[in-house]
Amino acid sequence: MLFFFLRASTTTFIVVGVIVATSLVVRNAWCRFLCPYGAFLGILALASPVAVRRNADACTRCRRCQRACPSAIAVYHKARINSPECLGCTACIEACPQKDCLRLFAAGSRIPFWTVAAGCLVVLFAAYLWAVSTGHWTSEIPPAMLRRFHMIQFGG
């Protein structure tokens with residue numbers, strides 16, 4: 001992927017130009033339709049126990065939630081927002097003028113947003129501890145050889 005940009009060809013400029021032009025017309029076009037990492041996260045989001053829920057009785061359908069959403073999800077139409085396009089940013093909750101209309105839930109219980117951030121940190125730290133304890137964190141390649149690989153790869 002690095003060489004795609006370091007040694008730019010006509011194809012590179014065409015691909016980047018199409019993505020930029022599409023992004024001018026469609027909001028977050030790359031993230032919503034083309035990004036493979038986004039697709040993977042979208043699949044995980046469908047199975048996530050954490051989601052934004054809408055109280056239909058409190059909703060006035062002002063659409064501020066949709067305007068604030070980076071993915072332009074029609075939050076005011078759904079009871080549970082677990083769309084693959086949802087980033088979990090909670091911008092919809094912040095934009096909603098109605099108290100307790102949009103809330104963050106995990107496994108059926110209302111939660112504050114910071115618990116999601118804390119949960120992500122716990123998962124990352126647990127993965128780090130697992131990698132260190134099983135020997136996957138450190139490389140068996142000697143530092144001099146690793147330095148040589150970097151010099152060959154990146155020049156210098």
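Val116 and Leu44 fall into different hydrophobic clusters, where Ile, Leu, Val, Met, Phe, Trp and Tyr residues are linked whenever their side-chain heavy atoms come under 4.5 Å apart, directly or through other members. Residue Leu41 is not grouped with residue Leu34 when hydrophobic side chains (ILVMFWY) are merged at heavy-atom distances under 4.5 angstrom, including chains of intermediate members. Hydrophobic clustering, with ILVMFWY side chains joined whenever heavy atoms are under 4.5 angstrom apart, keeps Phe40 apart from Val50. Grouping the Ile, Leu, Val, Met, Phe, Trp and Tyr side chains by contacts below 4.5 angstrom, directly or via other members, places Val20 with Trp30.
Note: Ile81 CD1 to Thr90 OG1 = 12.0 Å, rounded to the nearest 0.5 Å. Once rounded to the nearest 0.5 Å, the distance linking CZ of Arg103 with CD1 of Ile93 reads 10.0 Å. Note that CD1 of Ile19 is 10.0 Å distant from SG of Cys35, once rounded to the nearest 0.5 Å. Rounding to the nearest 0.5 angstrom, the gap separating the OG atom in Ser109 from the CG atom in Leu104 is 11.5 Å.
At distances below 3.5 Å, not a single donor-acceptor pair connects side-chain atoms of Thr115 with backbone N or O atoms of Ile111. At least one donor-acceptor pair under 3.5 Å links the side chain of Ser71 to the backbone N or O of Glu85.
For Phe105, the CZ atom counts as densely surrounded, since its 6.0 Å shell holds more than 12 non-hydrogen atoms of other residues, nucleotides or ligands. Annotation: Arg7, atom CZ; neighbour count of heavy atoms from other residues, nucleotides and ligands within 6.0 Å does not exceed 12.
Cys92 is listed as a side-chain neighbour of Val52, based on a closest heavy-atom distance under 4.5 Å. For the pair Phe113/Glu94, no side-chain contact is recorded, criterion being any heavy-atom separation below 4.5 Å from C-beta on. A 4.5 Å side-chain heavy-atom check between Arg64 and Pro97 finds at least one atom pair inside the cut-off. Residues Leu102 and Arg54 meet the side-chain proximity criterion, which asks for heavy atoms closer than 4.5 Å. Side-chain atoms of Met145 and Pro142, non-hydrogen and from C-beta on, do get closer than 4.5 Å to each other. Within the 4.5 Å cutoff, side-chain heavy atoms of Lys78 are placed close to those of Ile73.
The aromatic rings of Trp137 and Tyr128 sit perpendicular to each other, their planes meeting at more than 60°, with 30° as the lower class boundary.
The two atoms that bring Ala58 and Gln98 nearest to each other are O-CG, 3.4 Å, heavy atoms only. Here the closest heavy-atom approach between residue Ser83 and residue Leu46 is recorded as C-CD2, 4.5 Å.
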Determine, step by step, whether Asn55 and Asp100 satisfy the side-chain contact (heavy atoms from CB on, under 4.5 Å) criterion, reporting the C-alpha distance in whole Å, the side-chain angles of both residues, the deciding distance to 0.1 Å, and the verdict.
CA-CA 7 Å; Asn55 179 356; Asp100 291 333; 5.6 Å; no
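Exactly one of Val132, Thr134, Thr138 qualifies for a side-chain contact (heavy atoms from CB on, under 4.5 Å) with His136. That residue is Thr134.
A donor-acceptor pair shorter than 3.5 Å cannot be found between the side chains of Tyr76 and Arg61.
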